[in-house]
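Predicted model only: the values in this text are computed from it and were never measured.
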Amino acid sequence: MINMEPVVELALTVIPASGLAPYPATIRQPVSQLHLPQVRVGSTLHVKVDAGDPQSIWINFAAGAA
């Protein structure tokens, strides 16, 4: 837990908007109780990816569900 939010580990398949091939990634990120229902097997989530490090990924809950 960080700031009373659970830290979850997620195995993702990232599908880049640039048209590059999808790739697997695993991340650990705090998720608010409000957003936990969006984090389930088969969910589609918006993410932000560091252009310099494609394994550096952050789920962008502010973008809403995909």
| field | Of all pairs that satisfy side chain to side chain donor-acceptor pair (under 3.5 Å), the ones with a partner from residues 14-34, not counting sequence neighbours | value | S32-H35
| said: Assigning hydrophobic clusters by single linkage (Ile, Leu, Val, Met, Phe, Trp, Tyr; side-chain heavy-atom cutoff under 4.5 Å), is I15 placed with F61? | reply: no
| Heavy-atom closest contact (I2 atom, P30 atom, distance) | CD1-CG, 4.2 Å
| said: So V31 and V7, do their side chains get closer than 4.5 Å, heavy atoms only? | reply: no
| message | Just so I know, are the side chains of V47 and N60 near enough to count as touching, which here means a heavy-atom distance under 4.5 Å? | response | no
| query | Taking the side chain as C-beta and beyond, is there a heavy-atom pair between Q38 and L45 under 4.5 Å? | reply | yes
| task | Might you point out which heavy atoms bring P16 and P22 nearest each other, and give the distance in Å? | result | CD-CA, 4.0 Å
| field | Minimum side-chain heavy-atom gap M1-P6 below 4.5 Å | value | yes
| note | Residue set satisfying side chain to side chain contact (heavy atoms under 4.5 Å, CB included) with P37, at least two apart, ordered chain then number -> none
| query | Taking only residues two or more places apart in sequence or in another chain, which ones pass side chain to side chain contact (heavy atoms under 4.5 Å, CB included) with D53? | reply | D50, Q55, S56
| remark: The reported gap from CG in L34 to CD in E5 (rounded to nearest 0.5 angstrom) is 9.5 Å
| Residues clustered with W58, ILVMFWY side-chain links under 4.5 angstrom | none
